[in-house]
> 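I am attaching a structure below and will ask some questions about it afterwards.
Quick note on labels: first sequence line is chain A, next is B, and so on, each numbered from 1.
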Amino acid sequence: MKSEPNVYSIADLQRERKTIWEGVRNYQARNFLKAMSKGDLAFFYHSNSSPPGIAGLMQVITPNIVDLTQFDANSQYYDPKSSTESPRWHTVAVEFIEAFPQLISLETLKQEFSAEELWVVRRGNRLSVMPVPEAVAKKLREMAHA
DNA sequence: GCCAACGTTGGC
DNA sequence: GCCAACGTTGGC
């Protein structure tokens, strides 16, 4: 799951312990959010930063939450085409697990994984939420503590 | 700041 | 339904 650290970083999550992952406004990303279950692990990716990369680990504590910012006309995430009767955007609540001692940079990710294994290394990739195969996730957790 | 990638919008 | 224009993402 991607976030720009100047907007919301792993340090912010560490301080707050948990957060509702608001503001995803892309249908494919939303569908991946909808597919999440309580207890699922998720990597926290810092995008638009230098260097970009995986900054830590978190866990889904509440699946399938309606993203209330879609109804808030003052929010940058407001969606006038959505309605409370039929909300368009759902998300999850996540809890902090750890900030990696050292960020796993995008450069390293590109060296270690193919575009098929880890979508974030795909050129032109703009999805903000994407699945990570279990074997890749396992290796990433090992790399984080190597 | 540039620009490739790509999703969305809206005219037709 | 097509597709050009436009806006956003995000690496570099």
> What's in the same ILVMFWY side-chain cluster as A/Y27, cut-off under 4.5 Å, chained through other members?
A/W89
> Without decimals, in angstroms, what is the distance between A/Y27 OH and C/dT8 C1'?
16 Å
> Hey, can you pull the residues of residues 66-84 of chain A with a non-hydrogen atom under 4.0 angstrom from DNA chain C?
none
> Which residues end up grouped with A/F71 if you chain together Ile, Leu, Val, Met, Phe, Trp and Tyr wherever their side-chain heavy atoms are less than 4.5 Å apart?
A/V66, A/L68
> Cut-off 3.5 Å, side chains only: do A/E22 and A/T69 have a donor facing an acceptor?
no
> Strictly by modelled atom types, are A/T108 and A/S105 linked by a side-chain donor-acceptor pair under 3.5 Å?
yes
> Considering only heavy atoms, which members of residues 117-127 of chain A lie under 4.0 Å from some atom of DNA chain B?
A/R123, A/G124, A/R126
> Does A/K2 make a side-chain N or O approach to OP1 or OP2 of C/dG10 shorter than 4.0 Å?
yes
> Between the main-chain N or O of A/D40 and the side-chain N or O of A/S37, is there a donor-acceptor pair closer than 3.5 Å?
no
> Taking ring-ring contact (aromatic ring centres under 6.0 Å, His included) as the test, write out the residues that go with A/F44, two or more places apart.
A/W21, A/H46
> Counting only non-hydrogen atoms, which of residues 41-54 of chain A are less than 4.0 Å from DNA chain C?
A/Y45, A/S47, A/N48, A/P52
> Could you name each residue pair satisfying salt bridge (charged side-chain N to carboxylate O under 4.0 Å, His left out) that touches residues 59-76 of chain A, not counting sequence neighbours?
A/R25-A/D67
> Is there a donor-acceptor contact under 3.5 Å from the side chain of A/E95 to the main chain of A/K18?
no
> Round to a whole Å and report the spacing from CE of A/M1 to P of C/dT9.
16 Å
> Could you go through residues 130-143 of chain A and list every donor-acceptor pair under 3.5 Å that involves a side-chain atom there, pairing it with any protein atom two or more places apart or in another chain?
residue: A/K138; atom: NZ; partner: A/E142; partner atom: OE2; Å: 3.4
residue: A/K139; atom: NZ; partner: A/E112; partner atom: OE1; Å: 3.2

> Rounded to whole angstrom units, what separation is found between the CH2 atom of A/W89 and the P atom of B/dG7?
13 Å
> List the residues meeting ring-ring contact (aromatic ring centres under 6.0 Å, His included) with A/F96, not counting sequence neighbours, and say none if there are none.
none
> Note the angle between the end axes of the helix from B/dG1-C/dC12 to B/dC12-C/dG1, five pairs defining each, rounded to 10 degrees.
10°
> Tell me, which pairs form a salt bridge (charged side-chain N to carboxylate O under 4.0 Å, His left out) where one or both residues lie in residues 74-90 of chain A, sequence neighbours left out?
A/D79-A/R88
> Tell me if a side-chain donor or acceptor on A/T19 pairs with a main-chain N or O of A/L13 at a distance below 3.5 Å.
no
> For A/R123, enumerate each residue passing the side-chain hydrogen bond (donor to acceptor under 3.5 Å, both in side chains) test, keeping only those at least two apart in sequence or located in another chain.
none
